[in-house]
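Heads up, the thing below is written out as structure tokens.
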2 protein chains.
Amino acid sequence: METRELRYFVAVAEESHVGRAARRLGMAQPPLSRAIAQLERRLGADLFVRGPRGVTLTSAGETLLREGRVALAAVEAAERRTRRTVEAAGRASVVLTAKAGASSELMAKLLDAFAAEPDAVDVEVVLSPPGHQAPMLRDGRADVAILHLPFDDVSGFDVDRLVVEDQVLILPAGHPASARESMTVGEATSIPDLPLPRWPHVDGSYPDGPGPELRDLTQVLQLVRLGRTALVLPESARAGLRDGLAVVPLTDAPQVTTVIAWPPHSTSTGVAGLVRTAARL
Amino acid sequence: METRELRYFVAVAEESHVGRAARRLGMAQPPLSRAIAQLERRLGADLFVRGPRGVTLTSAGETLLREGRVALAAVEAAERRTRRTVEAAGRASVVLTAKAGASSELMAKLLDAFAAEPDAVDVEVVLSPPGHQAPMLRDGRADVAILHLPFDDVSGFDVDRLVVEDQVLILPAGHPASARESMTVGEATSIPDLPLPRWPHVDGSYPDGPGPELRDLTQVLQLVRLGRTALVLPESARAGLRDGLAVVPLTDAPQVTTVIAWPPHSTSTGVAGLVRTAARL
DNA sequence: CTGCCCTCATACCGGCGAGGTATCGGGGCG
DNA sequence: CGCCCCGATACCTCGCCGGTATGAGGGCAG
């Protein structure tokens, strides 16, 4: 099976529509139809059922979509990491990705400590939106990542736990609820005039709901100050807060575990050193 | 990057010789040379240095070999699991792989317990030589595996620990050393008339050394009975031993952890059920 | 019931590129 | 110095990928 076939298949599966997939791939519909049919013949399996309003996946197709995405990410990772090897020729370097606006204190400590190591290498820090770190690690855009359980999917990675912490509710300083000693998640989500913001999915779309669409943390903290929303964050985020905000501990929120994660077959000395440094913090 | 190019590259890297790789791939040497050159151009990286006695990998080439093998295994896994989905249409089934001759008692308990579950499915058991289980899981020939730490590489898999046990030395019943209460690994490996057997590598070759080449467990136990060799095994192996053998605990051997492992993105109900059953043993 | 539309499949054609054969260049080694 | 081994280059052929034109079949409206 060639990666070209796999890319075609994934496009059709995601669009549920051969014509749209062809447009997305920048090609005509007939060759795409033929490529899919040929793939089905070679695999000896129907991947789609053709309907009058498009196509839908069979169970074999669902398997191939799930496994194929992993395989494509692995091929992309191989390609990207090879390119990076030659770019980084001589001076080794490492790409570290983390959620924008999160764990900045931890990151600063980590980078400082690593820079002081004898085997330190350049660290390129890529801050990206929530949920993008794990995919970047999978397809080779990053070599190491700071992830947060239970939100990020770390399956397939090696990880070291760094911090386990409770979550707190951030809300406007003057708000009646800010006087509370503590709160449950149920109470926090049902404060009538403070709808929690909506986080974007990985594809950029937003779930439905009353809260504002969250794009960037400082912007949302501004909205909290203005009394328009509230926010659930790990308690370490308190350190970065400015005036106008109150903090109430949540008693039953799941604990957040911050981990450092890397691809299991990584052999980069930079990654190894960074992980070792992180474990000592 | 296409999987065809990757396969070509891996073949050349493994042979360190374009002509031999071409023969292995069933093609002529010039198109292979050209394909590699084209891959290098597209990646913008030299993958090999050409020498008069063949080729050797550059550091970029080493990266691509390491990552490319993972990627190829992922593509093969996608293909194989898709084929298996259609073969297994209707009655779900699971392929479980384990080391031949090991953990038979555990396996029997697991399979019996799972068969009694309400959501039981067919389990095809594939017994294979030591070290072959993890690769089979990686490239889709198996859905679940019984692995043994620290020998097997479980990176990239989800695992549940099943048993942790010490190792023992198995030796002929009449041998002077069989009277010992316990022994260290150093002592065990230096019994002059009992060289430990050599285990094959994954590629089928054997390391150098004085001991017999180990192929299958019962055969080697026969050799132990005949006073030709001794054997280090997890203590659970005592259960399957017959007469003529003595057992001496090893005090400083690493503990062996038996785990059940599966690919992280597995969604098979059979795998899930098997893992759940194993966790309850 | 009929005709239109939407969507995927089939038919046919042209060009790129993968693979084959023949041959060259260049570095060890006798 | 000449031979041999190994990879690179030159050149050709043909398979297959992608494009355009058109067919087939199932909903849905009038």
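Chain letters run A, B, ... following the sequence lines, proteins first, then strands; residues in each count from 1. What you are looking at is a predicted structure, and each value in this text was computed from that prediction instead of being measured.
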Measure from CD on A:Glu15 to P on C:dT7 and round the result to the nearest Å.
12 Å
Quick one: side-chain hydrogen bond (donor to acceptor under 3.5 Å, both in side chains) partners of A:Arg7, sequence neighbours excluded?
A:Thr3, B:Glu2
Taking OP1 and OP2 of D:dG7, is either one under 4.0 Å from a side-chain nitrogen or oxygen of B:Ser33?
no
For residues 12-40 of chain B, pull every pair meeting ring-ring contact (aromatic ring centres under 6.0 Å, His included), keeping only residues two or more places apart or in separate chains.
none
Under the side-chain hydrogen bond (donor to acceptor under 3.5 Å, both in side chains) rule, collect the residues that match up with A:Asp119, sequence neighbours excluded.
A:Arg276
Can you measure A:Gln29 atom CD to D:dG18 atom C1' for me and round it to whole angstrom units?
12 Å
Is any side-chain nitrogen or oxygen of A:His17 closer than 4.0 Å to OP1 or OP2 of C:dC6?
no
Smallest heavy-atom separation, B:Phe114 atom then B:Gly270 atom, equals CZ-O, 3.9 Å
Counting only heavy atoms and a strict 4.0 angstrom limit, can you tell me which residues of residues 37-59 of chain A come near DNA chain C?
A:Arg50, A:Pro52, A:Gly54, A:Val55
Sequence neighbours excluded, the answer for side-chain hydrogen bond (donor to acceptor under 3.5 Å, both in side chains) partners of A:Arg50 is A:Glu40
What are the residues of residues 18-25 of chain B, sorted by number, that bring a heavy atom to within less than 4.0 Å of DNA chain C?
none
Remember a base hit wins even if backbone is also touched, and classify B:Arg4 as base, sugar-phosphate or nothing at under 4.0 Å, heavy atoms.
sugar-phosphate
